[in-house]
Structure formats: structure tokens, C-alpha cells
Amino acid sequence: MGQITLTDIKKSFGAIDVLHDVNLHIDDGELVVFVGPSGCGKSTLLRVIAGLEKVTGGSIDIDGRRVNDVTAAERGLAMVFQSYALYPHMTVRQNLAFGLENSKMPKAEITERVGEAARMLEIDAYLDRRPGQLSGGQRQRVAIGRAIVRRPVAFLLDEPLSNLDAELRVSTRAELAALHARLSSTMIYVTHDQVEAMTLADRIVVMRAGRIEQVGTPLDLYNTPANRFVAGFIGAPHMNFLQGEVAERTGDSAIVTVAGGVRVHLHPVEGSMEKGQKLTVGVRPQHLVISADPTSPKVKLRLVEALGSETVIHGEINGERLMAVLPGQQRYRAGDEVPLDLEAAPLHLFDENGMRIFSTPGTQRRLSA
Amino acid sequence: MTPPAAGSPAPSRSFASILLAPVKLVMGIIDVPLRALQKATGISGMAIFFLAPNMLIFGIFVLLPLAINFVYSMTGGTAFFLADRTFIGLDQYDRLFECSNYLDPMSCQEDAFWTAVGNTGWFVVLQVTLMILVALGTALILNRKLRARSFWRAVFFFPVLLSPVVVGLIWKWILQRQGLLNFALFEMGIEPHNWLTDRTWAFVAAVGVSIWAHMGFYALILLAGLQAIPKDLYEAAEMDGTKASRVFWRITLPLLAPNLLVVVVLALIKAVQVFDEVYVLTGGGPGTSTMFLTQYIYETGFASQLRNPGLAAAASILMGLVLVVLTLLQLGIGRKTEPKGGKK
Amino acid sequence: MGAASRFIFRRRGGKGWHWTDIVTWVWLVGGLLIMFGPAVWLGFSSFKSPAALAEFPPTILPYVTQQVNVEGYEQPLALYEASLPDGSTQVLAEVRRIGIVSQMVDPNAPGEIIRVNIGDRTPVRTMSFATENYTEPFVQFDFVQYLWNSVFVTVTATLITLVVNSMAAFALSKYEFKGRSVAMLIILATLMVPLSVIMVPLYSIISAIGLFNNLWGVILPTVATPTGVFILRQYMLTIPDELIDAARMDKASEWQIYWRIVLPLAAPALAVLAIFSVVWRWNDFLWPLIVLSRRELYTLQVGLSIYAGELNVQWHFILAMTVVTMIPVVLVFIFLQRFITTGIAGTGLK
Ligand SMILES: Nc1ncnc2c1ncn2[C@@H]1O[C@H](COP(=O)(O)OP(=O)(O)O)[C@@H](O)[C@H]1O
Ligand SMILES: [Mg+2]
């Protein structure tokens with residue numbers, strides 16, 4: 001129970017198309033995270049699934065039943081809203097019971113379910129308070145509790161942590177993960193924060209401008225991003241992108257010139273690359289290492305951020321910007337020139353359309369493996 | 001105070017919840033057919049349902065009269081039902097504008113109308129000007145560092161709530177021959193007057209009483225405007241050693257201007273319709289010296305022996321035109337302050 | 001007293017008197033007298049007997065000349081304090097007055113007539129509240145009926161106003177539907193349509209549907225007030241849409257959303273509208289004057305104005321009934337003034 005299938009979902013508000021042909025299958029018990037920049041249509045997709053918005057085209061199936069024309073109330077889903085949307089004039093208890101009363105559930109069962117959810121979320125002490133008398137974290141729990149008592153087919157959560165402060169967000173995130181493990185029901189979780197997505201998701205759906213860019217497990221997305229957008233979106237700090245060109249291509253190896261002249265040897269190579277082809281080379285800041293070879297291309301440092309456990313350097317190589325996260329404390333200062341080993345890092349090559357050609361494993365990983 | 005055990009029923013039923021029980025029952029019963037309606041028509045159908053009662057009442061009692069007023073003004077006779085009235089085209093308007101000398105209202109066929117127009121014009125000019133000045137003064141004073149500001153604000157606001165009949169009677173009692181005002185003057189050695197039977201003084205009294213009754217409302221809006229001016233502007237001016245009068249002309253007044261404009265237009269709209277309290281105070285007299293447009297319409301339409309509803313309708317349309325202009329002005333100004341319409 | 005004078009004479013910044021302090025002081029104290037004075041004067045006057053009302057110069061408090069029943073005289077006699085030729089003063093009752101001489105008797109020894117120059121006697125007066133000014137109009141005239149009519153109109157119209165306008169405001173603030181902007185435009189445009197402009201045709205409509213000389217004819221035209229819709233809609237726009245979505249997910253019907261979520265949350269705006277509506281309807285004058293022509297249907301305002309317009313005005317009754325008419329509004333003022341002033345300042349509507 002709890003499979004959701006989206007087929008060619010389209011949604012427009014008036015003349016504005018917000019969702020374009022969204023296809024997705026979510027399995028029972030999965031925790032799927034929709035992630036993408038703000039305004040990309042995540043909430044709209046979630047509301048379409050919830051039944052709060054009518055689709056313009058396509059179909060939504062829940063457990064094999066087409067629900068396009070089923071109202072939100074009857075889809076058997078529960079939603080946790082970004083603002084929590086707790087009824088301010090009702091006590092916590094009444095907030096939890098409201099939906100159950102509306103479905104004409106016997107009083108005894110309502111009491112039991114409310115009690116159970118309250119215990120599970122440790123909000124039993126506040127049941128007779130109003131939302132206004134609760135802290136942000138407590139409100140958040142009540143909002144989740146309101147969803148839990150309904151025993152829904154699936155939970156829909158729209159940026160549920162975004163109104164919490166940073167510390168609380170981390171701990172609540174862990175609790176949510178534990179809750180999912182315990183309830184083992186389907187959850188769809190919307191966030192614009194890729195860290196949240198990476199830590200929580202069974203699968204991540206990356207969206208941009210109303211389209212799904214890539215669907216996969218967090219490590220899939222990290223290791224083999226399907227395009228430049230996903231590569232740039234997943235991982236912090238963002239991946240470095242350098243302009244490149246294929247200088248030579250022979251058999252399963254190639255030489256690519258990057259950032260105006262730095263030659264990088266790639267071996268083995270897959271996919272179609274031709275001599276002279278323009279491409280973008282992506283490398284994550286954490287994967288850059290200092291080269292032992294003083295003839296390696298040098299990065300001129302513009303800014304050094306010493307964070308104690310690591311050092312972030314911002315630099316320039318032949319006019320292109322580059323950022324690297326180096327382990328430990330380093331004695332660099334702005335203005336220094338540092339040799340970097342580009343070949344040791346896993347590299348992601350994207351064609352002119354931003355689609356991935358292939359990713360190298362990188363010698364670093366090879367060594368440690 | 002230990003929290004009640006989880007899941008136990010609410011600890012006590014409050015008095016309010018017992019009172020609300022019948023309401024709950026009624027609302028629950030209403031909900032049954034409405035759920036069916038919602039199923040049949042969907043959510044947008046329910047929107048129409050919620051809007052319908054208001055629009056129906058509004059349509060019958062505001063929009064419909066507004067529309068048939070035009071037809072009315074083109075019919076003659078004393079009958080009230082439209083079907084019983086004869087169509088006479090623009091004769092009523094002709095009658096209103098029939099004058100031998102356009103500079104002299106008394107030479108018009110409907111001299112009462114033009115007297116009312118003249119009276120109303122003077123009234124509007126005098127009442128609005130003086131009232132806004134007094135209201136501005138009051139607002140400025142209430143905006144100073146005052147202890148018990150809300151008490152003083154209430155003092156000036158008090159007459160706003162009084163009914164026009166009460167206002168009229170209070171002042172009729174004070175202004176009568178043996179009233180309080182004459183007594184006060186007598187004490188100061190000034191000859192008592194028959195204020196309400198003297199043409200000029202009756203008009204002055206009408207203006208004064210109406211200012212007394214409404215000034216607090218406008219002072220309140222202006223005060224809200226003054227309080228919205230950021231305090232740091234005044235602090236900056238004080239740091240610069242700016243003179244108080246200069247602060248008023250260069251900071252207060254320009255920043256208050258939008259409010260002032262709204263208030264003036266609002267006051268104009270109300271002043272054009274002046275009727276009730278003056279009617280109770282003077283009955284429009286002595287003679288016709290305090291007869292205003294609304295009274296003319298009322299008496300022409302209903303109250304006089306020679307009633308002529310068509311003529312009253314024509315006069316009311318002319319008055320309506322003035323108000324439309326003023327209202328457009330107000331909407332134009334108000335647009336800047338009205339919040340954007342909501343989503344969904 | 002010390003605190004009061006310190007309060008009244010408080011100066012700007014404590015650096016001596018600035019002319020603006022004097023203006024402020026004069027304005028506030030003058031305002032207090034001018035704004036409250038007339039109503040207070042009305043209140044005191046309403047307790048005076050017709051004789052006391054006719055007196056000039058008037059007194060603030062209601063005094064009457066004291067009278068006694070003296071043996072041998074049928075009518076009660078007025079008491080005076082008279083200065084006698086021997087220099088003593090004595091309280092005497094006046095029997096009759098001839099020219100400038102008053103014939104008086106000692107109420108305790110009524111046999112002997114004492115002649116006193118009228119310049120040498122002053123009436124003995126006591127305070128007396130003429131409560132019959134209040135009781136008689138209710139007993140003799142129809143004022144009980146008027147009061148009831150006013151209460152009925154005010155309460156009924158306010159209840160309908162709240163229900164009908166809150167429903168419309170809900171539709172206009174929380175739904176997207178065809179014609180919403182048209183409805184909004186109509187409401188905004190007619191915010192200012194005054195009775196004076198439509199009273200002739202409105203009267204004919206009211207008579208056509210049989211509501212002439214009917215309290216419902218007074219009530220119905222006033223209940224769909226654009227101002228009410230406007231105030232409520234502005235407030236409901238501030239209720240988050242997510243709450244309504246949450247209720248929909250919670251299987252609430254639209255009607256339930258209206259009365260269980262939106263109405264309770266709009267309570268502050270409803271309270272403001274209720275207060276306004278009570279004051280408006282209680283104070284309505286011209287429209288009831290047109291619609292109601294039978295005495296037993298008059299509201300207080302109409303009844304009062306018609307009594308006050310009659311030829312021999314019985315001021316003692318009129319004043320008392322004016323006070324009665326004023327009382328609800330004064331109560332509203334005392335207890336709910338804050339609501340109203342913030343309501344007006346917030347919406348700019350009266
Ligand atoms: N009710 C609406 N009417 C018109 N446009 C809307 C509406 N709701 C959302 N949009 C637009 O749809 C786009 C996607 O919004 P949303 O799904 O909320 O994005 P997000 O990914 O940040 O949750 C945005 O450009 C937004 O402006
Ligand atoms: Mg969103």
C-alpha cells in the first residue's frame with residue numbers, strides 16, 4: 001500500500017506552465033525527496049499529488065487506481081505543510097482529532113490514536129495547549145502528529161524543517177529518518193536543501209523549471225550526475241566547472257585541455273568524444289589535491305578560508321575560478337601559487353548541452369580502493 | 001499542574017462550548033445538504049454558494065435601484081410603481097435646469113432645488129475646510145508626547161458614535177432661546193440670540209454641529225497617518241536643529257499628504273450627503289436656509305403634498321454624478337494603499 | 001490633586017513652558033468641555049421638571065422649590081426663606097402674591113399672615129430628580145414599542161450582516177473563480193453609494209415586495225454592506241491559505257472550513273463589524289423614516305425626531321428619551337472604544 005505513479009503530469013496556472021511531463025514511480029515504503037531550486041515546481045507537484053491542485057494533463061495513480069478526479073480528502077494522503085498550518089484556535093488535541101472527527105471515526109478510537117501519536121512524538125505534555133503557546137520544534141511535531149493519526153497511505157511533507165533553526169533542523173532530520181524507518185510508509189519529502197535530501201532520501205528526484213532532471217539514490221547523483229545542473233546542485237560547496245576541449249583521442253584514452261591550456265590525460269575513456277569537441281569539465285572541491293610535481297598547473301590564490309578542520313582555497317587558473325577544500329590546516333595565503341593535481345580527482349565531463357559524457361573514477365579513489 | 005494523561009478527554013467543558021453546542025448542531029445539519037452540493041458542483045460551485053446571498057441582497061437593494069433610478073428619472077406622475085408611471089423623457093431634467101437667469105437661483109422653476117444646491121455647496125466648502133483643519137490640529141496634538149493619549153483620543157471621538165437624531169436634539173436644546181449657549185453669553189454680558197431662527201446663524205449652527213459630530217473620525221485617521229511617520233525622521237531633524245515650524249512644513253505635512261487627501265475626499269463625499277442631524281436640528285429652516293440636497297430629494301420624493309418621485313430621482317442622479325467623481329478620486333488614491341488581492 | 005495638576009501642567013521636555021504646551025493644554029481641556037459637555041448637559045437636563053427646564057438662568061443640577069401642605073389651605077404652598085423686618089430670617093410658606101408683597105404664613109403656626117416684600121424672600125429649593133421624565137414616555141407613549149423595534153432591527157440586521165458578509169468575504173478571499181474580480185469591482189465601486197442616491201427607486205422596490213411599513217424593509221437593504229465585505233475580506237486575506245488546504249486534507253467540507261476554521265480566525269474582524277453594525281443600525285434615521293409610517297413601527301430615532309418636531313415640544317420627555325437613545329452607544333463607547341478606533345485606523349472606514 002502506498003505506490004504512487006505519475007504519468008505525463010502537466011500543470012499550468014493560466015498561461016504559465018509550471019510542470020512539464022513529469023513521470024515518476026514511487027514504491028511502497030520509499031522515502032523520496034524532491035529537491036531543486038526554489039520556484040522549480042516541487043510544491044506544485046506535491047500539491048498535485050495531494051489533490052489540492054488539479055492537473056492540466058497526465059494521470060496520477062495511487063495503488064493502481066487513477067485518482068485524478070478524487071478529492072484531496074479521499075485520496076488517503078496526509079500532508080505536513082511548510083508553515084505547519086496548525087489551526088491556531090484549536091488545542092493540540094483538537095488539531096490532531098479534527099481530521100478524524102471529519103471522517104466520523106468513533107470517539108474512543110480518536111482518543112486512542114491521538115494518544116498513540118502524542119506518545120510517539122513526545123508531545124503528550126502539550127495536548128491542551130494552543131499552537132501559539134508552543135515552540136517551533138513542538139509545532140513541527142504536532143504537524144507531523146496530525147499526519148500520523150490519519151494513518152495515511154503516504155505522507156507528503158513540504159519543506160517541513162525550513163522554519164527551524166539550524167541545530168534543531170539537524171536533530172529533527174534524524175528523528176524524521178527514524179520515524180520513517182518505524183512507520184515504513186511511503187513518504188514524499190520536498191526540500192530545496194540538498195544536504196537534507198542526501199541525508200534522508202532513499203531516492204532523490206532533482207527538479208528544475210518544472211522538469212525532472214534526474215532520479216536516483218543520493219550516491220548515484222553524487223557520483224554520476226546526469227547533467228551539469230545536477231552536478232552543480234548536489235554537493236557542497238558546488239562543483240567547479242572548467243571550460244575544456246578534446247585535444248587528442250586515441251582508443252580508450254584522451255587528452256583534454258582545460259582552462260586555457262592545462263592538459264589532462266584521461267584513461268580509460270567511454271562515450272563519444274571527438275578531437276576538437278568543446279566540453280565542460282567538472283571537479284568537486286573536495287577532490288582536488290596538491291600536486292607533488294612542481295610543474296603541475298598552478299592556481300593563484302585569491303582567498304584562503306581556514307576553518308580549522310579544513311582549509312578552503314579560492315583561486316584562479318588561467319582566468320577560470322576554482323575552489324578546493326583541502327584537509328587540515330594549510331599555510332597558504334592569498335597571492336600564493338599552488339600546484340594542483342587535476343588528474344588525481346574524479347572528473348565529470350559534460351557536452352555542450354550540459355549532458356554527462358562520462359565520469360572518471362579518479363586516481364585518488366583508485367588508490368584508496 | 002501535571003499535564004493530563006495523553007489521550008484523555010478534554011479536562012473540562014467550558015461554558016462557551018456549552019453555549020456553542022446548538023450552533024454546532026445547526027451548522028452540522030446545514031453541512032449535510034452542502035456536502036452533497038459540494039460533491040455535485042465542486043469547490044468552485046461552493047464559491048458561488050458563499051457569494052450568492054450577499055450578491056442577491058446587494059443586487060436587489062443596491063444595484064437594481066441604482067439601475068432603475070435612471071428610468072425613474074424619465075417618468076412623471078405621483079405613482080410609485082414604475083408600471084403606473086408615464087414616460088416623459090428628459091422633462092424632469094429640463095425642469096430642474098429651467099431658469100430665466102442662470103446666475104440667479106430664484107429665477108429657476110425649481111428654485112428649491114437650486115437653493116438646496118447652493119446651500120449644499122456652501123456647506124461642503126465651509127464644513128470640509130474647517131473640519132479638516134480642526135481634525136488636523138487635533139491629530140497633531142494627540143500625536144505629541146501625551147500621557148493617557150487613548151483617553152484624549154476617545155474624548156474627541158465620542159460624538160462620532162452618537163446618532164444624528166441625538167446630535168440634533170442635544171444641540172437644539174443647547175441653542176434654543178433659553179439654552180446653555182445663551183446663558184453662557186448672558187453671563188459674559190452678551191445679548192442672547194435666537195440662534196436657530198436666524199437664517200445666517202442657523203446655517204452656521206448646521207456647519208458647526210456637523211463638524212462637532214464628525215471631526216473625531218477624521219482626526220483618528222490623520223492620527224494613524226501621523227503615527228506611521230517614522231520617528232527617526234524627527235530625531236534626525238532634531239539633531240540638525242531644525243525649527244518646529246520647518247519640521248511641520250517639510251516633514252510632517254508632505255508625509256501626511258496621502259492620508260490628508262483621502263480624508264478630504266471622504267469628508268467631501270459625506271458632506272455632499274448632509275442631512276440627518278441638520279434636519280433634526282433645524283428642519284431645513286428657517287425658510288429654506290438650511291435645506292440641503294438630500295432633504296430636497298426626500299421631500300420632493302416622499303414628504304410633500306405635491307410629491308414628484310421622478311423629479312427626486314433626477315435630482316438624486318445629478319447628486320450621484322458628483323459622488324461618482326469623488327469616489328473615483330478616492331479609489332484612485334486608495335489604490336496605492338489597498339493591499340494586493342490574495343491568491344486562491 | 002497634586003498628581004492631577006502635575007499631569008495637567010506637565011511640560012514639554014521639562015524646560016519651561018513652550019507656547020505649544022499652552023496650545024495643547026487649551027485644546028485638550030477645551031475639547032473635553034466641547035465634546036463631552038453637551039451630552040453631560042443633556043443628561044442633567046433630562047432630570048429636570050418642566051418648570052425647572054423653563055428657568056433662566058438654568059442651573060446645572062435639577063432643583064425644585066420645596067412645598068408644604070399647610071393646614072387650612074388646599075393646595076401645597078411653596079416654601080421661602082424670608083428676612084423679617086426685625087432682622088431675623090424664617091422659613092415661611094407663601095399663600096399668595098399681591099404686587100411686590102407676598103402674603104406668607106408660618107407652616108407651624110398657620111393662623112397669622114405675614115407680609116413680606118418679594119425682594120426679601122428666596123425660594124427654599126432641594127434637589128429632585130424628575131424620574132417621571134423617563135417612566136412616563138414608556139407608560140403613556142409608545143416608547144417601549146419604539147425601543148423594542150430598535151433593538152429588533154439592530155440585532156437582526158447585525159446577525160444577518162455578519163453571516164452574509166462573512167460568507168461573501170470568504171468566497172472573495174479564499175477561492176479562485178470566474179467573476180471574482182467582477183464581484184470585487186462592483187463591491188469596491190459601490191462602497192460609497194449612499195442612500196440619498198437610490199432612495200426613490202429603493203422605496204418603490206420595498207413597496208413592490210410588500211415591505212413598506214415593515215421592519216424587514218428597514219433591515220434588508222442594509223445587510224449586504226460593501227464595507228462589511230471589505231473589512232472581512234481584508235482580514236481573511238491574512239489567514240494563510242495553507243490552513244485551508246490542511247483542512248481539506250483533513251476531510252473538512254467547504255462549509256466546515258468556513259465555520260470551523262475561517263470564522264473563528266476572523267473573530268477580531270467580525271467583532272469590529274458587529275460593533276459598527278450595531279452602531280449604524282441603532283443610529284439609522286432617514287431610511288426608517290421613509291419606510292415606517294405607522295407609529296407602532298417607529299424605531300427610537302424616528303419616534304424621537306417626530307415627537308421633537310411636534311408643535312408643543314415636551315422637552316422634559318424628549319431629553320429623557322434622547323438619553324435613553326444614547327445609552328447603548330455610550331456603552332459601546334465606554335467598553336469597546338478601543339476596538340472601534342483601531343478598526344477605523346486600520347481600515348479607514350466608518
Ligand atoms: N497558485 C498559483 N498561481 C500562479 N502561479 C503559481 C501558483 N502556485 C505556484 N505558482 C508558480 O509556480 C511555480 C512553482 O512554484 P512552487 O511549486 O511553489 O515552487 P517550489 O519548488 O519553490 O515549491 C512558481 O513560479 C510559482 O510562482
Ligand atoms: Mg515550495
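Since the model is a prediction, treat every value here as computed from it, not as a measurement. Naming convention: chains lettered A, B, ... in sequence-line order (proteins, then strands); numbering from 1 in each chain.
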Test log, rule side chain to side chain contact (heavy atoms under 4.5 Å, CB included), inputs C/F285 and B/E277: CA-CA 9 Å; C/F285 173 58; B/E277 63 258 11; over 6 Å; no
Side chains of C/W282 and B/S163 only: does a donor on one sit below 3.5 Å from an acceptor on the other?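 No, no side-chain donor-acceptor pair sits under 3.5 Å.
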Report yes if some heavy atom in the side chain of [X] is under 4.5 Å from a heavy atom in the side chain of [Y]; otherwise report no.
X	Y	result
B/W171	C/P38	yes
B/M55	C/I187	yes
B/F58	C/I186	yes
B/W152	C/L32	yes
B/M46	C/F177	no
C/L28	B/F156	yes
C/I318	B/W173	no

Tell me whether the rings of B/F49 and C/W255 are parallel (<30°), tilted (30 to 60°) or perpendicular (>60°).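 Ring orientation, 0 to 90° scale: perpendicular.
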Parallel, tilted or perpendicular, as decided by the 30° and 60° cut-offs, for the rings of B/F157 and C/F333: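 Because their plane-to-plane angle is under 30°, the rings of C/F333 and B/F157 count as parallel.
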Can you say whether [X] sits under 4.5 Å from chain B via the side chain, the backbone, both, or neither, judging by heavy atoms?
X	answer
C/V329	both
C/W315	side chain
C/L195	neither
C/V23	both
C/L172	side chain
C/A39	both
C/I205	side chain

Steps toward side chain to side chain contact (heavy atoms under 4.5 Å, CB included) verdict (C/E254, B/R35): CA-CA 8 Å; C/E254 298 303 303; B/R35 263 183 202 266; over 6 Å; no
Counting only N and O atoms by type, is there a donor-acceptor contact under 3.5 Å from the side chain of [X] to the main-chain atoms of [Y]?
X	Y	value
C/N283	B/P164	no
B/Q38	C/S253	no
B/W212	C/I34	yes

Go through the atoms of B/V209 and report whether side chain, backbone, both or neither lie under 4.5 Å from a heavy atom of chain C.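 For B/V209, there is no contact with chain C at all, as no heavy atom is under 4.5 Å.
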What distance separates [X] [atom1] from [Y] [atom2], expressed to the nearest 0.5 Å?
X	Y	atom1	atom2	result
B/F50	C/S166	CZ	OG	9.0 Å
B/L161	C/M326	CG	CE	11.5 Å
C/L202	B/S316	CG	OG	11.5 Å
B/I317	C/I198	CD1	CD1	12.0 Å
C/L289	B/Y279	CG	OH	6.0 Å
B/I170	C/L319	CD1	CG	9.5 Å

Which atom pair, heavy atoms only, marks the closest approach of B/M27 to C/W259?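 Taking every non-hydrogen atom into account, CB-CE2, 3.2 Å.
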So which atom in B/P309 and which in C/V200 form the shortest heavy-atom distance, rounded to 0.1 Å?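 Closest approach of B/P309 to C/V200, heavy atoms only: O-CG1, 3.7 Å.
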Stepwise, does the side chain to side chain contact (heavy atoms under 4.5 Å, CB included) test hold for C/T24 with B/L146? CA-CA 10 Å; C/T24 301; B/L146 278 185; 4.1 Å; yes
Contact leader toward chain B among C/S204, C/G31, C/A183, where contacts are heavy-atom pairs under 4.5 Å: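 If we count pairs closer than 4.5 Å to chain B, C/S204 comes out on top.
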Among C/I209, C/I244, C/L286, C/V279, residue most engaged with chain B (heavy-atom pairs, under 4.5 Å):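 Among the listed options, the one with the most contacts to chain B is C/L286.
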Can we say C/R260 and B/D31 salt-bridge, meaning some charged N sits less than 4.0 Å from an Asp/Glu carboxylate O?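 No, no charged N to carboxylate O under 4.0 Å.
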